[in-house]
Amino acid sequence: MPSAAVDIVRTVHDLREKVGSWRAGGLTVGLIPTMGALHAGHLSLVRAALDRYDRAVATLFVNPRQFDRLEDLAKYPRTEDDDAAKLAEAKAHLLYAPNVGEIYPEGYSTNISVSGVSAGLCGGDRPGHFDGVATVCTKLFLQSGADGAFFGEKDFQQLRVVQRFVRDLNIPIVIHPCPTVREEDGLALSSRNKNLTAEMRTRAPAIYNSLRDAAKRLLDGNAVEAVMAEGTDKIRSAGFEKVDYFELRDADNLQPLDSLYPNSRLFAAAWLGPVRLIDNIAVTNS
Ligand code: PAF
């Protein structure tokens with residue numbers, strides 16, 4: 001039997017009314033911000049929200065301010081009916097799917113910009129990207145008044161940016177990091193994977209495999225610089241045209257590291273044809 005449809009609201013007014021009625025009844029609310037094209041990674045965030053809160057609200061908004069390239073925005077998958085069906089199946093309570101004018105009305109002029117953790121990695125390669133993410137997430141948090149919000153560790157730099165502005169601006173919301181969900185061959189789930197051809201898809205796991213090999217080489221005591229160069233080469237020789245970065249960073253403040261510390265994390269971004277894939281892993285023995 002198909003699940004009952006998920007309720008959809010499209011305005012701040014309707015979102016607040018719905019969340020307000022839950023809160024008035026003593027219920028807590030978890031938020032899952034998304035840009036749609038939902039996959040098992042997003043649905044794991046819905047499950048995590050349902051485990052911790054009484055109500056789970058997913059958002060679907062393809063945020064133009066976080067795209068540095070117009071072609072990327074234009075080809076971003078838009079699959080609202082399918083997304084709503086998946087959310088219903090996952091037992092989310094509400095989908096907030098505003099249009100662009102609801103989020104950025106005529107005359108909109110405010111930008112949230114986070115320094116430090118936004119520097120380098122995707123912040124270096126995609127100018128303005130994290131300002132766009134921080135701005136829209138600030139709005140989604142304030143519009144919904146949710147108690148908690150769920151973010152996948154696949155977008156680890158995004159997670160750190162969100163944690164930073166929430167602390168800096170005293171926004172009363174708890175940020176819950178959730179582990180990356182992977183395909184069997186290790187490829188991190190991403191809405192962008194839909195843009196890979198079958199041939200590219202066979203090459204795509206090289207990004208994760210190179211990160212794992214690099215973690216092992218670092219734990220075996222090899223020099224960071226040499227291991228980063230090897231990682232980059234491995235991704236290129238698997239058929240990726242361009243490696244944007246392959247780096248070791250501190251997992252908390254995201255500063256670059258030139259030797260291995262207890263809280264180190266490896267980050268990579270690379271292009272397979274027109275598709276930019278990113279991934280990251282902790283460097284630990286476990
Ligand atoms: O990770 C995403 O899908 C987006 O960056 C987010 C957090 C929904 C903000 O638009």
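All ligand and atom numbering here is 1-based and tracks the order in the structure.
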For side chain to side chain contact (heavy atoms under 4.5 Å, CB included), just list the numbers for Leu94 and Trp22, CA-CA rounded to whole Å, side-chain angles, deciding distance to a tenth of an Å, and then say yes or no.
-> CA-CA 12 Å; Leu94 187 68; Trp22 288 332; 3.9 Å; yes
Side chains of Asp147 and Thr28: is there a donor and an acceptor less than 3.5 Å apart?
-> no
N/O pairs closer than 3.5 Å, ligand 1 and protein:
{"residue": "ligand 1", "atom": "1 (O)", "partner": "Gln158", "partner atom": "OE1", "Å": "3.4"}
{"residue": "ligand 1", "atom": "1 (O)", "partner": "Gln158", "partner atom": "NE2", "Å": "2.8"}
{"residue": "ligand 1", "atom": "5 (O)", "partner": "Gln66", "partner atom": "NE2", "Å": "2.8"}
{"residue": "ligand 1", "atom": "5 (O)", "partner": "Gln158", "partner atom": "OE1", "Å": "2.6"}
{"residue": "ligand 1", "atom": "10 (O)", "partner": "Gln66", "partner atom": "OE1", "Å": "2.6"}

Give the intermediate values and the outcome of side chain to side chain contact (heavy atoms under 4.5 Å, CB included) for residues Asp252 and Arg160.
-> CA-CA 7 Å; Asp252 287 329; Arg160 290 290 183 251; 3.6 Å; yes
Taking the side chain from Gln157 and the backbone from Cys122, do they hold a donor-acceptor pair closer than 3.5 Å?
-> yes
Taking the six-membered ring where the residue is Trp, are the ring centres of Tyr76 and Phe67 under 6.0 Å apart?
-> yes
His93 and Tyr53 side chains, donor-acceptor separation under 3.5 Å = no
